[in-house]
Trainee: 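Before I ask anything, let me first share the structure, which is written out below as structure tokens.
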2 protein chains.
Amino acid sequence: MPFQPVTAARLSGAVVEQIELLILRGVLRPGERLPAERDLAERLGVSRPSLREALGALQEKGLLEARAGAGVFVAEGLRSVFPPALVRLFAGHREAVVDYIGFRRDLEGQAAERAAVHGTDGDHAVIAAALAAMEEAHGRRSTPEEEAELDAGFHMAILEAAHNVVLLHMMRAMFGLLREGVFYNRQIMFRNQPTRARLLEQHRSIAAAILGRDPAAARAAVEAHMDFVEQALAEQVRAEGHEAVARQRLER
Amino acid sequence: MPFQPVTAARLSGAVVEQIELLILRGVLRPGERLPAERDLAERLGVSRPSLREALGALQEKGLLEARAGAGVFVAEGLRSVFPPALVRLFAGHREAVVDYIGFRRDLEGQAAERAAVHGTDGDHAVIAAALAAMEEAHGRRSTPEEEAELDAGFHMAILEAAHNVVLLHMMRAMFGLLREGVFYNRQIMFRNQPTRARLLEQHRSIAAAILGRDPAAARAAVEAHMDFVEQALAEQVRAEGHEAVARQRLER
DNA sequence: GAACGTGGTCAAATCACTTGACCAATTCCG
DNA sequence: CGGAATTGGTCAAGTGATTTGACCACGTTC
């Protein structure tokens, strides 16, 4: 029968969740001091010991730092690009995925435009080669891991062709996180046959627009691609939800 | 400062939530008997008094019925189409919105096909009149409430033109729920100027395909329309989320 | 009709949280 | 520079939520 054990949610857990979200969304910034414990406890409507339990958990996660007599601060270390504590935070929240795709959509759209305009013949050759590798892999039924790696290579080639070092380093860090599966399991995009075909088609459109030196078309193609990825991921999440419900129905 | 009071979630609340979801998803069906209290308490990992508190709340909501000596049953009354208890359940869960749109997409796609093939000249005249009313309203800046009402009239005209009484009654009930704002506030679709324009465009496409007796085009136009509605709603939810975060940042 | 299994009720014990107090460290102000 | 104020850190007693365990009444089954 499809019943799951429930656990009494601790008050401190709810406090942790709220403060984590404020950090994730940039409302609480690195180095910033939180309200004093007595004040914060009052605002949250909890006792100081309960609040302190939550603050302790957040310190263990590397998100907060407490100094007796001085106050509680958002960890300075969160200022660096993608410190481990922030990566764990991203991994635990779905809205980071949506924001990531939106962000990537904007930046890669821009990169594609720039690659169409400023890309050298050498850059364009690298992009063409990356696409050729994907076509070849597609033909011989490679693994989803391999195709995901080629996909990253293709997108990195475009980013390099954009000749913007800030953009490049930012996106390199992003792809690092994507490889670690922080945002989503990128291989799922290549497991489904029709999706594989659609992705290749979109990559062809992107490459054609860049190599044809059509910045507007390049941008539009990238945006359409990211829209498709977002939709496919949403579909995946829904399908997984449906699978879980079907299993529950079967369990009776 | 952007901190919200937190309240200790009661154990019984978590139990209520789980059983509600099982009912919403059709895992627990009307008339079906739940496991005995002692058994269920064990599976959920809670005490009988806590479980009974949850079962009591579910009975008050009209979802369960208990009979001393016989057992606890999912309410028989949930068998009827959209009983109040089920409507309240829909209203409280976002996944019902997604399912509703998917369901409506399928049924209205079918209805549009049928309207293209089987609709009489009279039916088609009604559809054309409904579209004309929407064009007229669009031109003179009507209220979102008024446009939502005309929208429902347009879709009902198509459903009537499909000449399938089961479909018609089913969708009438659906539109009744939509009017009550169970799934979403339907007027939000008409508040945004570009969205208004897009909706009218899509309604024109739907009408043109039906009146041109092109079933495949009619279905495709309806599906594209529902996809757009779903996307616009998702955007709305995200925008509201962003607005809330912006307010929190401002609050410091 | 008796036994078993069910829902319904309740008291005592345990755990999570609150209240209130006190101590040590840091900051601020005169 | 020292004292006052504010901060974090710790802890005991009280309160409410939950668990444990028991008992009673009703319905079903053999």
Side-chain angles (χ1 to χ4, degrees), chain A residues 1 3-19 22-23 28 30-77 252, chain B residues 1 3-19 22-23 28 30-77 252:
Chain A
M1 243 310 189
F3 295 99
Q4 303 292 333
V6 303
T7 46
R10 295 179 70 93
L11 205 53
S12 59
V15 174
V16 166
E17 177 72 18
Q18 183 174 155
I19 295 178
L22 292 173
I23 295 175
L28 292 176
E32 182 169 342
R33 184 170 153 294
L34 268 63
E37 279 183 11
R38 289 163 184 81
D39 184 10
L40 188 48
E42 191 178 342
R43 297 194 205 204
L44 291 169
V46 303
S47 64
R48 272 193 70 216
S50 291
L51 170 63
R52 287 185 56 77
E53 188 179 329
L55 295 182
L58 289 161
Q59 287 174 60
E60 282 187 34
K61 291 185 176 192
L63 296 173
L64 293 183
E65 286 158 0
R67 289 197 284 283
V72 179
F73 301 81
V74 180
E76 278 285 355
R252 344 154 38 68
Chain B
M1 243 308 189
F3 296 98
Q4 302 293 331
V6 302
T7 46
R10 294 180 71 94
L11 204 54
S12 59
V15 174
V16 167
E17 177 72 19
Q18 182 174 157
I19 295 178
L22 292 174
I23 295 175
L28 292 175
E32 183 168 343
R33 183 170 156 291
L34 268 64
E37 279 183 13
R38 290 163 181 83
D39 184 11
L40 189 48
E42 191 179 343
R43 298 196 206 201
L44 292 168
V46 302
S47 64
R48 273 193 69 218
S50 290
L51 171 63
R52 286 184 58 76
E53 189 179 327
L55 295 182
L58 290 162
Q59 287 174 61
E60 281 187 35
K61 291 186 177 191
L63 296 173
L64 293 184
E65 286 157 1
R67 290 197 284 283
V72 178
F73 300 81
V74 180
E76 279 286 354
R252 350 171 16 77

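What you see is a predicted model, and the numbers here were worked out from it, not measured in a lab. Note on naming: letters A, B, ... go to the chains in the order of the sequence lines (proteins, then strands), and numbering restarts at 1 for each one.
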Trainee: So does A:E17 have more than 12 non-hydrogen atoms from other groups sitting under 6.0 Å from CD?
Mentor: yes
Trainee: Should we say atom CD of A:Q18 is surrounded by more than 12 heavy atoms from elsewhere, each under 6.0 Å from it?
Mentor: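 Above 12, so yes.
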Trainee: When you get a sec, tell me which of D:dG8, C:dT6, D:dT18 is the closest nucleotide to the side chain of B:R10?
Mentor: D:dT18
Trainee: Which protein N or O atoms sit under 3.5 Å from an N or O of nucleotides 18-22 of chain C?
Mentor:
residue	atom	partner	partner atom	Å
C:dT18	OP2	A:S47	N	3.0
C:dT18	OP2	A:S47	OG	2.4
C:dT18	OP2	A:S50	OG	2.6

Trainee: Choose from C:dG7, D:dG9, D:dT7 the nucleotide whose nearest atom is closest to any side-chain atom of A:A66.
Mentor: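 For A:A66, the side-chain atoms sit closest to D:dG9.
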Trainee: Pair A:D39, B:F3 - check side chain to side chain contact (heavy atoms under 4.5 Å, CB included), show working.
Mentor: CA-CA 11 Å; A:D39 184 10; B:F3 296 98; over 6 Å; no
Trainee: Taking C-beta and beyond as the side chain, do B:L64 and B:V74 meet within less than 4.5 Å on heavy atoms?
Mentor: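 Of all side-chain heavy-atom pairs linking B:V74 with B:L64, at least one is under 4.5 Å.
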Trainee: Taking for each residue the nucleotide of DNA chain C with the nearest heavy atom, is it B:R52 or B:A8 whose nucleotide lies nearer the 5' end?
Mentor: B:R52
Trainee: Taking CG from B:L64 and P from C:dT6, how many angstroms apart are they, rounded to a whole number?
Mentor: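 Spelled out: CG on B:L64 to P on C:dT6 is 17 Å.
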Trainee: Looking at B:A70, is its backbone amide N or carbonyl O close enough to the side chain of B:R33 to form a donor-acceptor pair, meaning the two atoms are under 3.5 Å apart?
Mentor: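 Yes; at least one donor-acceptor contact below 3.5 Å.
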Trainee: For B:F73 and D:dT28, what is the distance between atoms CZ and C1' respectively, to the nearest whole Å?
Mentor: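 In whole Å, D:dT28 C1' lies 11 Å from B:F73 CZ.
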Trainee: Expressed in angstrom and rounded to an integer, what is the separation of A:E37 atom CD from C:dT26 atom C1'?
Mentor: 14 Å
Trainee: For the backbone of A:E37 and the side chain of A:R52, can you confirm whether one donor and one acceptor N or O come within less than 3.5 Å of each other?
Mentor: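 No; judged by distance alone, with no hydrogens or angles, the pair does not exist.
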